[in-house]
Amino acid sequence: MLSLMPATSLLSPTHKNLSNGFEKHYKTQSKIKQSFNQAAQTYDQAAFIQSSIADHLLKFLTHPTPSKIIADFGCGTFVNTKKLLEKTKPEKLFGIDLSEQSLLLAHQAISNDFGSEISLIHQDFNQLIFPENYLGLVFSNMAFQWSLDFKHTLDLIFTQISPQGILLFSMPIQGTFENIQAAYKNNFYDLLSIQDLLKKTGFTLLKSSQHSFSHDFKTAYQALKSIKNTGAQTQLNSNTQKLKKNISKNLNYFFTDQPGFLNYQIGFFMAYKNI
């Protein structure tokens, strides 16, 4: 059964929104949302690397969860959430995404044959969406790099996940887009920093690793277009520069070497709430 619901429908009036201080980031969040809305129609075809990353992430999922209530944070068009459904066969699954255009496609992709109760929620994961100790598994593939305060995001997840509940996610780390000029790419955490944030939040780390994924496009234009077609072009750093008209005539300028080659260094993390 599929349902669409506002994010606040699961929360009692006593729950407070924990996103204080994010008002100043409203413009950046709006840009992120706009980018993924614009890429909704092209995402599934362009996101072949993201799909491979999801396949690798799901191999981590060998531990039983304390409940069959699962949430996919940053579910997008549902293309990788289908794999999560097949792997876990939950009683209830929530797909959360900031992009309403992606969720419209997700709605179309959901089949009654899945055998799970599925709800799509249009919301930013930097909001408190679920009651405390509610979720048995939080899954997120290639979404947390868009958090404007990752420690805050982890704090929220820790609140919403149940004791012994699992957090399983992937995200780009340092070394991603290594051959793109530094002035034109976002900053990324390193593996140890993410491990440290998980521990400071209260999670117990079960497993983590990093792996490389890459693709060599025929031209620099095709490489940069692939980034746009997956919605991943929003600049989060105040020091990053936009494409200038004179530079756009020579896209090779963006690359320090190997124009058209995109490399991703991906961190994979599995942790649980040990309380």
Side-chain angles (χ1 to χ4, degrees), residues 46-66 70-76 79-90 93 96 125 135-147 149-158 160-180 185-216 226-227 230 232 236 258 261-275:
F48 48 89
I49 290 180
Q50 288 81 352
S51 181
S52 296
I53 293 168
D55 291 341
H56 189 90
L57 179 62
L58 284 167
K59 292 177 181 178
F60 279 51
L61 199 54
T62 57
H63 288 67
T65 57
I70 292 176
D72 183 357
F73 282 36
C75 69
V79 62
N80 292 314
T81 315
K82 287 182 182 179
K83 302 174 185 178
L84 178 64
L85 274 168
E86 293 167 358
K87 178 82 172 182
T88 60
K89 296 180 171 45
L93 182 139
I96 299 99
F125 51 64
L135 300 169
L137 169 66
V138 170
F139 175 90
S140 184
N141 183 61
M142 296 291 284
F144 287 156
Q145 68 270 25
W146 300 111
S147 170
D149 185 338
F150 188 43
K151 179 59 167 63
H152 175 81
T153 300
L154 291 175
D155 287 338
L156 290 176
I157 292 172
F158 191 84
Q160 297 169 94
I161 205 166
S162 63
Q164 309 305 311
I166 300 294
L167 170 60
L168 181 66
F169 67 97
S170 64
M171 62 189 295
I173 59 175
Q174 281 186 7
T176 295
F177 298 156
E178 191 171 24
N179 63 323
I180 291 180
K185 62 184 177 183
N186 292 321
N187 296 326
F188 299 102
Y189 287 100
D190 59 51
L191 193 77
L192 293 178
S193 294
I194 297 172
Q195 291 174 349
D196 186 55
L197 284 174
L198 285 166
K199 293 175 183 177
K200 287 181 178 178
T201 304
F203 284 105
T204 297
L205 188 66
L206 290 170
K207 186 177 181 181
S208 68
S209 64
Q210 69 181 72
H211 295 271
S212 299
F213 297 79
S214 63
H215 187 79
D216 197 357
S226 76
I227 294 174
T230 58
L236 302 183
Q258 295 180 276
F261 180 78
L262 293 181
N263 71 298
Y264 296 77
Q265 287 291 332
I266 305 299
F268 296 88
F269 305 89
M270 186 176 186
Y272 75 102
K273 184 175 178 178
N274 185 19
I275 60 171

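Side chains included, hydrogens not; waters and symmetry mates left out as well; all remaining heavy atoms used.
Among residues two or more places apart in sequence or in another chain, the side-chain contact (heavy atoms from CB on, under 4.5 Å) test is passed with Ser226 by Phe217, Leu262. For Ser208, the side-chain contact (heavy atoms from CB on, under 4.5 Å) criterion is met by Gln195, Leu205, Phe269, not counting sequence neighbours. Phe213 meets the ring-ring contact (aromatic ring centres under 6.0 Å, His included) test with no other residue; sequence neighbours excluded. The ring-ring contact (aromatic ring centres under 6.0 Å, His included) check on Phe73 picks up nothing, with sequence neighbours excluded. Every ring-ring contact (aromatic ring centres under 6.0 Å, His included) that Phe158 has, sequence neighbours left out, goes to Phe203. With sequence neighbours left out, the side-chain contact (heavy atoms from CB on, under 4.5 Å) criterion links Gln174 to Asp190. Lys199 pairs by the salt bridge (charged side-chain N to carboxylate O under 4.0 Å, His left out) definition with nothing, not counting sequence neighbours. Applying the side chain to side chain donor-acceptor pair (under 3.5 Å) criterion to Lys151, with sequence neighbours excluded, gives Asp155. When the side-chain contact (heavy atoms from CB on, under 4.5 Å) test is applied to Asp196, the partners found at least two apart in sequence or on another chain are Lys200.
By the 4.5 Å heavy-atom criterion applied to side chains, Phe144 and Ile194 are not counted as neighbours. Inter-residue side-chain proximity for Ser209 and Phe60 is flagged as met; some heavy-atom pair is nearer than 4.5 Å. Between Thr88 and Leu137, the closest side-chain pair of non-hydrogen atoms falls below 4.5 Å. Side-chain contact between Gln210 and Phe268 is absent, with no heavy-atom pair separated by less than 4.5 Å. Between Val138 and Asp72 the shortest side-chain heavy-atom distance does not fall below 4.5 Å. Between His215 and Tyr264, the closest side-chain pair of non-hydrogen atoms is not below 4.5 Å.
Screening residues 265-275 for salt bridge (Lys or Arg N to Asp or Glu O under 4.0 Å) gives no qualifying pairs among residues at least two apart or on separate chains.
Atom CD of Glu178 has 12 or fewer neighbouring heavy atoms from other residues, nucleotides or ligands inside a 6.0 Å radius.
Closest approach of Glu86 and Lys89 over heavy atoms only: O-NZ, 3.0 Å.
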(request) Show your working on side-chain contact (heavy atoms from CB on, under 4.5 Å) between Ile266 and Ile173 and close with a plain yes or no. (result) CA-CA 6 Å; Ile266 305 299; Ile173 59 175; over 6 Å; no
(request) Test Thr176 against Gln265 for side-chain hydrogen bond (donor to acceptor under 3.5 Å, both in side chains), laying out the working first. (result) CA-CA 5 Å; Thr176 295; Gln265 287 291 332; over 6 Å; no
In a table with atom names and distances, give each donor-acceptor pair under 3.5 Å that connects a side chain of residues 161-170 to protein atoms at least two apart or in another chain.
unit_1, atom_1, unit_2, atom_2, d
Ser162, OG, Leu135, O, 3.1
Ser170, OG, Asn141, OD1, 2.7
Ser170, OG, Met142, N, 3.3

Please tabulate, for side-chain N and O atoms in residues 46-58, each donor-acceptor pair with protein atoms closer than 3.5 Å (sequence neighbours left out).
unit_1, atom_1, unit_2, atom_2, d
Ser51, OG, Lys83, NZ, 2.6
Ser52, OG, Phe48, O, 3.2
Asp55, OD1, Lys83, NZ, 2.9
His56, NE2, His211, NE2, 3.2

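A side-chain donor-acceptor contact under 3.5 Å links Thr201 to the backbone of Leu197. Asn186 places a side-chain N or O within 3.5 Å of a backbone atom of Leu236 that can act as its donor or acceptor partner.
Separation of atoms CE (Met171) and OH (Tyr189) is listed at 7.0 Å; rounding is to 0.5 Å. In this structure, the separation between CD on Gln258 and CD1 on Ile180 is 11.5 Å, given to the nearest 0.5 Å.
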